[in-house]
Enquirer: 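Before I ask anything, let me first share the structure, which is written out below as structure tokens.
The figures that follow rest on heavy atoms only: side chains count, while hydrogens, waters and symmetry mates do not.
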Amino acid sequence: MRLTVEVEGEGAAGALPGQGAALVAFMSFAAVRGFGARHPLIALSERVADLGVRLGPLTTFYERGAEDSEDEANLERAWQDARPLAESLEALVKALDEDERAAVFVRRAGAESLGEEAAALRDIVEGAGRAKRRVRLTYEL
């Protein structure tokens, strides 16, 4: 899996550590939490939400490569303001660094690079926010 961050007017930003694979997995599980499934990344998303991480910006993403007009529309809807995403990423990084329960879920999921990937994405998104540009997160399997 690979996560790509695009900055409005600039195109794709630099590569993330591990291609952002752990972050794509976390975002995917966070998007489906509340549907009764069980997985360490779902438990992690619930834990960090309890710690104040706003998950909405982290669950705004779409598959890269439009195949039809519906995909094109969904890709267009995936653009988001950078600042709320940067704030969510900062809160996530903090939770992963400071909360032992969160660390347990990360280890159980085998997602030890999640914090590093989230911090790298945060840095890119913060730059976009300072430039008042939107960002779009897309993934490839």
Side-chain angles (χ1 to χ4, degrees), residues 1-68 70-141:
M1 286 188 288
R2 179 173 51 198
L3 181 67
T4 300
V5 58
E6 296 172 81
V7 177
E8 190 173 41
E10 296 178 15
L16 297 172
Q19 297 186 356
L23 194 50
V24 170
F26 171 74
M27 292 166 30
S28 298
F29 279 107
V32 299
R33 73 186 182 103
F35 288 105
R38 298 184 75 158
H39 188 278
L41 290 177
I42 290 175
L44 175 63
S45 68
E46 291 170 349
R47 176 64 183 163
V48 298
D50 289 345
L51 295 170
V53 177
R54 290 184 55 236
L55 294 174
L58 293 168
T59 59
T60 303
F61 62 98
Y62 199 73
E63 185 174 9
R64 190 168 182 82
E67 294 181 9
D68 56 30
E70 182 179 349
D71 284 343
E72 289 174 10
N74 287 332
L75 278 167
E76 190 59 33
R77 280 192 288 278
W79 285 105
Q80 62 180 305
D81 291 334
R83 289 186 190 266
L85 178 57
E87 290 168 2
S88 289
L89 287 161
E90 178 60 30
L92 176 61
V93 168
K94 182 178 178 185
L96 295 174
D97 284 345
E98 297 178 0
D99 187 72
E100 183 55 36
R101 284 182 59 201
V104 168
F105 295 132
V106 166
R107 286 191 299 273
R108 286 183 183 164
E112 287 82 358
S113 63
L114 180 59
E116 179 185 11
E117 294 173 22
L121 180 58
R122 175 204 58 208
D123 294 346
I124 293 168
V125 172
E126 282 178 344
R130 285 190 298 275
K132 297 183 178 6
R133 295 182 184 265
R134 295 183 307 162
V135 295
R136 176 169 61 185
L137 304 178
T138 58
Y139 70 93
E140 295 174 80
L141 297 179

Enquirer: Output yes when a side-chain donor or acceptor of Q80 lies under 3.5 Å from a complementary backbone atom of P57, and no otherwise.
Expert: yes
Enquirer: State, yes or no, whether a side-chain contact exists between E6 and R64 at a heavy-atom distance under 4.5 Å.
Expert: yes
Enquirer: Check whether any side-chain heavy atom of L141 lies under 4.5 Å from a side-chain heavy atom of V24, and answer yes or no.
Expert: no
Enquirer: Within the 4.5 Å heavy-atom criterion, are L92 and L55 side-chain neighbours or not?
Expert: no
Enquirer: Within the 4.5 Å heavy-atom criterion, are L44 and F26 side-chain neighbours or not?
Expert: yes
Enquirer: Are any non-hydrogen side-chain atoms of L85 and L58 less than 4.5 angstrom apart?
Expert: yes
Enquirer: What heavy-atom pair brings I42 and R38 nearest, and what distance separates the two atoms?
Expert: CD1-N, 4.3 Å
Enquirer: Look only at the side chain of D68 and the backbone of E70, and say whether a donor-acceptor pair between them is shorter than 3.5 Å.
Expert: yes
Enquirer: So do the side chains of P40 and F29 get within less than 4.5 Å of each other, counting heavy atoms only?
Expert: no
Enquirer: Spell out, as yes or no, whether a donor-acceptor pair under 3.5 Å connects the side chain of R136 to the backbone of L75.
Expert: yes
Enquirer: Hey, what do you get for NE2 (H39) to OG (S45), rounding to the nearest 0.5 Å?
Expert: 10.5 Å
Enquirer: Calculate, to the nearest 0.5 Å, the distance between atoms CG and CZ belonging to L23 and F61 respectively.
Expert: 9.5 Å
Enquirer: Which heavy atom of R134 sits nearest a heavy atom of W79, and at what distance?
Expert: NH1-CB, 3.4 Å
Enquirer: Rounded at 0.5 Å granularity, tell me how far CG in D81 sits from CD in E87.
Expert: 10.5 Å
Enquirer: Roughly how far, to the nearest 0.5 Å, is CZ of F105 from CG of D99?
Expert: 9.0 Å
Enquirer: Are M27 and L3 close enough that some pair of their side-chain heavy atoms sits under 4.5 Å apart?
Expert: yes
Enquirer: Tell me if a side-chain donor or acceptor on E117 pairs with a main-chain N or O of A22 at a distance below 3.5 Å.
Expert: yes
Enquirer: Drop me the distance from I124's CD1 to E10's CD, to the nearest 0.5 angstrom.
Expert: 11.0 Å
Enquirer: Could you tell me which non-hydrogen atom of V93 sits nearest to which non-hydrogen atom of G115, and how far apart they are?
Expert: CG2-O, 4.1 Å
Enquirer: For A128 and V135, which heavy atoms make the closest approach, and how far apart are they?
Expert: CB-CG1, 3.5 Å
Enquirer: Mind listing the closest non-hydrogen atom pair of G9 and R133 along with its distance?
Expert: CA-NH1, 3.7 Å
Enquirer: Taking all non-hydrogen atoms of both residues, which atom of A25 and which atom of M1 are closest, and how far apart?
Expert: CB-CE, 4.0 Å
Enquirer: Below 4.5 Å, heavy atoms only, C-beta onward: do L121 and L137 meet side chain to side chain?
Expert: yes
Enquirer: What is the distance from atom CG of L96 to atom NZ of K94, rounded to the nearest 0.5 Å?
Expert: 12.5 Å
Enquirer: Under 4.0 Å between a Lys/Arg side-chain N and an Asp/Glu carboxylate O for R122 and E90?
Expert: yes
